[in-house]
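The structure appears below as structure tokens.
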Amino acid sequence: MDEDDIRGQMAVLMQEHRDLDDAITAVTRAGTFDLLQVQRLKKRKLMLKDEIAKLKNMLVPDIIA
């Protein structure tokens, strides 16, 4: 996987992360909402955050101390 592929994948994941944030906000503002659904959305959002962090680490060159 080259740098362009990593950046492209990161962009997709970051967009999905933002979309989930918007969805969580919309669901909670609706008044009556399913707590289990919100928990699932938040869990997915955390998984995306971890994947984004992994991809960012792939872009940083190894530094030999």
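For this chain, numbers begin at 1 and follow the sequence in order.
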For the [atom1] atom of [X] and the [atom2] atom of [Y], what is their distance to the nearest 0.5 Å?
X   : Y   : atom1 : atom2 : result
L13 : M47 : CG    : CE    : 10.5 Å
R40 : L20 : CZ    : CG    : 14.0 Å
M14 : L55 : CE    : CG    : 10.5 Å
N57 : I52 : CG    : CD1   : 12.5 Å

| task | Keeping to residues at least two apart or across chains, list the salt bridge (Lys or Arg N to Asp or Glu O under 4.0 Å) pairs with something in residues 47-58. | result |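 Applying salt bridge (Lys or Arg N to Asp or Glu O under 4.0 Å) to every pair that reaches into residues 47-58, excluding sequence neighbours, yields E51-K54.
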| query | Does any pair with a residue in residues 17-38 pass salt bridge (Lys or Arg N to Asp or Glu O under 4.0 Å), and if so which ones, sequence neighbours excluded? | reply | D21-K45
| said: Please enumerate all residues that pass side-chain hydrogen bond (donor to acceptor under 3.5 Å, both in side chains) together with R7, with sequence neighbours excluded. | reply: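 Residues passing side-chain hydrogen bond (donor to acceptor under 3.5 Å, both in side chains) with R7: E3.
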| said: R44: which residues meet the salt bridge (charged side-chain N to carboxylate O under 4.0 Å, His left out) condition with it, sequence neighbours left out? | reply: E16
| What residues, two or more places apart in sequence or in another chain, satisfy side chain to side chain contact (heavy atoms under 4.5 Å, CB included) together with D2? |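 Residues passing side chain to side chain contact (heavy atoms under 4.5 Å, CB included) with D2: D4, D5.
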| request: Not counting sequence neighbours, which residues clear side chain to side chain contact (heavy atoms under 4.5 Å, CB included) with L46? List them please. | output: none
| message | According to a hydrophobic-cluster definition based on side-chain heavy atoms being under 4.5 Å apart (Ile, Leu, Val, Met, Phe, Trp, Tyr only), do M1 and L59 belong together? | response | yes
